[in-house]
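Side-chain atoms are counted along with the backbone in the values below, which use heavy atoms only and exclude waters and symmetry mates. A, B, ... follow the sequence lines: proteins, then strands. Residue 1 opens every chain.
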There are 4 protein chains.
Amino acid sequence: MKSDKEEKILKAAEKVFIKKGFFPTRIDDIAEAAGVAKGTIYLYFSDKQSIYVSLLDNRLRKMIDFLKKIGNEKITATEKLEKIFNVLFDIFSDVKGMISLVTIENINLTTEIMKELRVKTKHKFSQLIDLLAKIIREGIKHKELKSINPKMGALIFLNIAHTSFQAHMFISGVKEQREKIKDIFFYGIKPKSK
Amino acid sequence: MKSDKEEKILKAAEKVFIKKGFFPTRIDDIAEAAGVAKGTIYLYFSDKQSIYVSLLDNRLRKMIDFLKKIGNEKITATEKLEKIFNVLFDIFSDVKGMISLVTIENINLTTEIMKELRVKTKHKFSQLIDLLAKIIREGIKHKELKSINPKMGALIFLNIAHTSFQAHMFISGVKEQREKIKDIFFYGIKPKSK
Amino acid sequence: MKSDKEEKILKAAEKVFIKKGFFPTRIDDIAEAAGVAKGTIYLYFSDKQSIYVSLLDNRLRKMIDFLKKIGNEKITATEKLEKIFNVLFDIFSDVKGMISLVTIENINLTTEIMKELRVKTKHKFSQLIDLLAKIIREGIKHKELKSINPKMGALIFLNIAHTSFQAHMFISGVKEQREKIKDIFFYGIKPKSK
Amino acid sequence: MKSDKEEKILKAAEKVFIKKGFFPTRIDDIAEAAGVAKGTIYLYFSDKQSIYVSLLDNRLRKMIDFLKKIGNEKITATEKLEKIFNVLFDIFSDVKGMISLVTIENINLTTEIMKELRVKTKHKFSQLIDLLAKIIREGIKHKELKSINPKMGALIFLNIAHTSFQAHMFISGVKEQREKIKDIFFYGIKPKSK
DNA sequence: CATGAATGAGGCTTCATTCAT
DNA sequence: TATGAATGAAGCCTCATTCAT
């Protein structure tokens, strides 16, 4: 049960972190964006990193909850993946930049540095992958999907959805391409052999 | 024709940047890794950022050269993509960490921050995407590939190849999965419908 | 309305700048002299140079105000010059070193270097010369003074007053010589011809 | 008997020191201006300061020699001062900037800092003042000049001549004013009382 | 003698964090 | 709780000086 202030700070921090990245973001930036004094931030967070971890944690938790919910629905694995893909794609293509905060890229960012962040985050990332993998495994079991390493499938799934984020830099009208992209995940880039 | 020292510094810098990331890397770290004095670095590079740009530039140039070479071969678009995928996949799964320096992630890292880096790099990134897109366009033309936005196709291609990098964190035996992953790009995760 | 701290820093900076000069003065020196932490200085000044500019500005403003006041008094140009000379002479011979911060020498110091300082200061220096020149022009008009270039007259006036500063290095009892020196400015070093 | 190289370095150093001042001048600047390698400079001078001292020394020696020569001529003190004034004035108004290297200002520059420079220079400065003072004393003795402290007279004399240097910043056509300025030294700024 | 690549001490400045109010 | 002035550790970069060639 977070206080209003804490929520306000997190919101502000997310905005700034997305815009500038972790290191270039100054506590002052966050304080200003949140409309609180710098000192106030330290009443709610022990340090800069913990704000970041907190944000990542929130997002991952939400995604995990979402995946759990979808995972439990009485629909086919394919339908589950479609639903998830749509949501991810829309988030990624809408929010721009947000991804740098939420997705797989963070694994990289945290390599070797910010042990705390990595430790605290790794577990949730794994959980997320596992939930996706579970759906894929289910799909494989029901012959809906090819037999592949489910985790690898999960990663590919995430990366393809994630593509929508980068696409903005090179292409216009990304959102409209959702179905086509999803189609590649499911059916490949090759046309159906007659 | 770079001097020995410059080469030595670049090598060292790459190692450190990959290990720690741009911001946490200290000039001292690079100097120490290169076995030179701090000041020496500034004989060859104007500042920390320019070392990074230089590295990125080198790698991108190599990738571009490679794509150009493949692009000119007298083989089908599909064969070109296969060759490229194999090489990228192997690089990504071998070198670990290296990717954080070379791939699409950098687009993200450089968003908003480090204008110079972005400017200097954006062009080469675009070129790289364009070369891939050209191959895809060619494939579409010859009905080898579905009709999709070629740049989007290029991005998806890169992201799938890139998956191999992240995969190490969650899966063992990534390298062995190359063909299966490539297969997903070409034919999708769905099994061939009867 | 400057804060206490800012005032304290300026006071300290003046002391150190006078003692050591601009370049050899370290921010640490100023911080120590002011009894604040190094970082604190940057809460009030953007950089070392701006402290210097600020000091110069203050002093020049005071001198300008003084010249304006005298300039408006209902007394002869000669009387104005006498008053001004007395004040300058006393300042210069009292405070020692202070001059290096305040007087014409700075024109020199700032030539070619530290554009910002020069730009910000040049205007006030000119203003000061102009105010003196105005008095001299007035004196010429009323036949109290010889017809000379008023600005040149102003400069000579300042330089002679300034002599008292250097004099300490070579002579004792400088202060007692004020009237004699002033006399040279007004009547020259030659004895009255019969 | 200085070598060519040494002479070349000194010439270059003088140019640069005058343009940029002591501290902002880099050894590289001097080397480049002299057309020699940086290391070469250290074959002839122990350090940056000693170049400066050497320059100052040269100039002062020349001035001293000149004053000695004039001092020994069989002419009145007044004539001697006129000759000296003319020479100084021309130097000062010609070379611009040079003064910062040669004249009284250096006393200031060396306050507290650069002990070596001060020590090595003080003596020559004194000698220079003494030679001028001697002429003034002589003038006083012969009733050509008012009875004032000869050293103070010497300083005033130098400062007035020096005015021509600063004047460039505020006035055009400085050189043409030599006689008028000299006149002020001899007869003051007040018109001859009827 | 001459070179200029290499060194590394030291300066300025930033910014996460603290703490008195 | 909230503030924001103050702190000072730490990083980037410069440049006088050295030294192997």
Side-chain angles (χ1 to χ4, degrees), chain A residues 3-6 8-9 22-32 34-52, chain B residues 3-6 8-9 23-32 34-51, chain C residues 3-6 8-9 23-32 34-51, chain D residues 3-6 8-9 22-32 34-52:
Chain A
S3 76
D4 270 11
K5 274 273 165 61
E6 186 172 351
K8 221 164 76 178
I9 292 167
F22 179 76
F23 291 106
T25 291
R26 311 290 159 227
I27 293 291
D28 284 278
D29 298 332
I30 296 174
E32 193 187 14
V36 302
K38 209 181 341 179
T40 306
I41 291 178
Y42 285 88
L43 297 177
Y44 297 93
F45 300 93
S46 62
D47 54 19
K48 187 179 161 183
Q49 210 179 106
S50 82
I51 306 175
Y52 198 77
Chain B
S3 75
D4 269 12
K5 275 277 162 57
E6 185 172 352
K8 221 164 82 179
I9 292 167
F23 290 107
T25 292
R26 309 294 157 220
I27 291 291
D28 283 287
D29 297 334
I30 297 174
E32 194 185 11
V36 302
K38 211 184 332 179
T40 306
I41 290 178
Y42 289 90
L43 296 177
Y44 298 92
F45 300 92
S46 60
D47 53 19
K48 187 178 159 185
Q49 205 177 113
S50 84
I51 307 176
Chain C
S3 75
D4 269 11
K5 275 277 162 56
E6 184 171 353
K8 220 164 85 179
I9 292 167
F23 290 106
T25 291
R26 309 294 158 218
I27 291 290
D28 283 288
D29 299 333
I30 297 175
E32 193 185 12
V36 301
K38 215 184 326 179
T40 305
I41 290 177
Y42 288 88
L43 296 177
Y44 298 93
F45 301 92
S46 60
D47 55 18
K48 188 177 158 186
Q49 206 178 112
S50 84
I51 307 176
Chain D
S3 76
D4 271 10
K5 274 274 165 59
E6 185 172 352
K8 221 163 77 178
I9 292 167
F22 179 76
F23 290 105
T25 292
R26 312 288 159 229
I27 294 290
D28 285 278
D29 298 332
I30 297 174
E32 192 188 15
V36 302
K38 210 182 340 179
T40 307
I41 291 179
Y42 287 87
L43 296 176
Y44 297 92
F45 301 92
S46 62
D47 54 19
K48 188 178 163 185
Q49 207 177 109
S50 82
I51 306 175
Y52 198 77

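- Across all strands shown, the partner of E:dT21 is F:dA2, judged by Watson-Crick or G-U wobble contacts whose two distances both fall under 3.5 Å.
- Regarding D:Tyr42, its OH atom lies at a distance of 13 Å from the P atom of F:dC15, rounded to whole Å.
- Between atom CD of residue D:Glu6 and atom OG1 of residue D:Thr40 there is a gap of 12.5 Å, rounded to the nearest 0.5 Å.
- The nearest whole Å value for the distance from the CD atom in B:Glu32 to the C1' atom in F:dC12 is 17 Å.
- Comparing A:Asp28 and D:Lys5, the nucleotide of DNA chain E nearest to each residue sits closer to the 5' end for D:Lys5.
- When each of E:dA6, F:dC12, F:dT3 is scored by its nearest atom to the side-chain atoms of A:Val36, the top-ranked nucleotide is F:dT3.
- At a cut-off of 3.5 angstrom, the base of E:dT7 holds no donor-acceptor pair with the side chain of B:Lys38.
- E:dG8 is paired with F:dC15 under the criterion used here, namely a Watson-Crick or G-U wobble arrangement in which both key atom distances are under 3.5 Å.
- Note: CD1 (A:Ile41) to C1' (E:dC15) measures 13 Å, nearest angstrom.
- The interatomic distance linking C:Lys8 (NZ) with F:dT7 (P) rounds to 8 Å, in whole Å.
- For F:dC13, neither phosphate oxygen OP1 nor OP2 lies less than 4.0 angstrom from any side-chain nitrogen or oxygen of B:Lys48.
- Within the 4.0 angstrom heavy-atom criterion, only backbone atoms of the sugar-phosphate kind lie near B:Tyr44; the bases stay farther away.
- Rounded to a whole angstrom, the distance from the P atom of F:dT21 to that of E:dC1 is 22 Å.
- At least one donor-acceptor pair closer than 3.5 Å links the side chain of C:Lys48 to the backbone N or O of C:Phe23.
- Both C:Gly39 and B:Gly35 sit near DNA chain E, but only B:Gly35 has its closest nucleotide nearer the 5' end.
- When all heavy atoms of D:Ile9 and D:Ala34 are compared, the closest pair comes out as CA-CB, 4.0 Å.
- Regarding A:Ile51, its CD1 atom lies at a distance of 9 Å from the P atom of E:dT17, rounded to whole Å.
- When every heavy atom of C:Pro24 is checked against every heavy atom of C:Asp29, the shortest pair comes out as O-OD2, 3.9 Å.
- Residues A:Asp47 and A:Tyr42 share a closest heavy-atom pair of CA-CE2, 4.0 Å.
- Nucleotide E:dC19 holds its P atom 13 Å from the CG atom of A:Leu43, rounded to whole Å.
- Residue A:Arg26 has a polar side-chain atom (N or O) positioned under 4.0 Å from OP1 or OP2 of E:dA16.
- Put simply, CD1 on D:Ile9 is 12 Å from C1' on E:dT3, counting in whole angstrom units.
- Spacing between atom CD1 of C:Ile27 and atom C1' of E:dG10 amounts to 14 Å, rounded to whole angstrom units.
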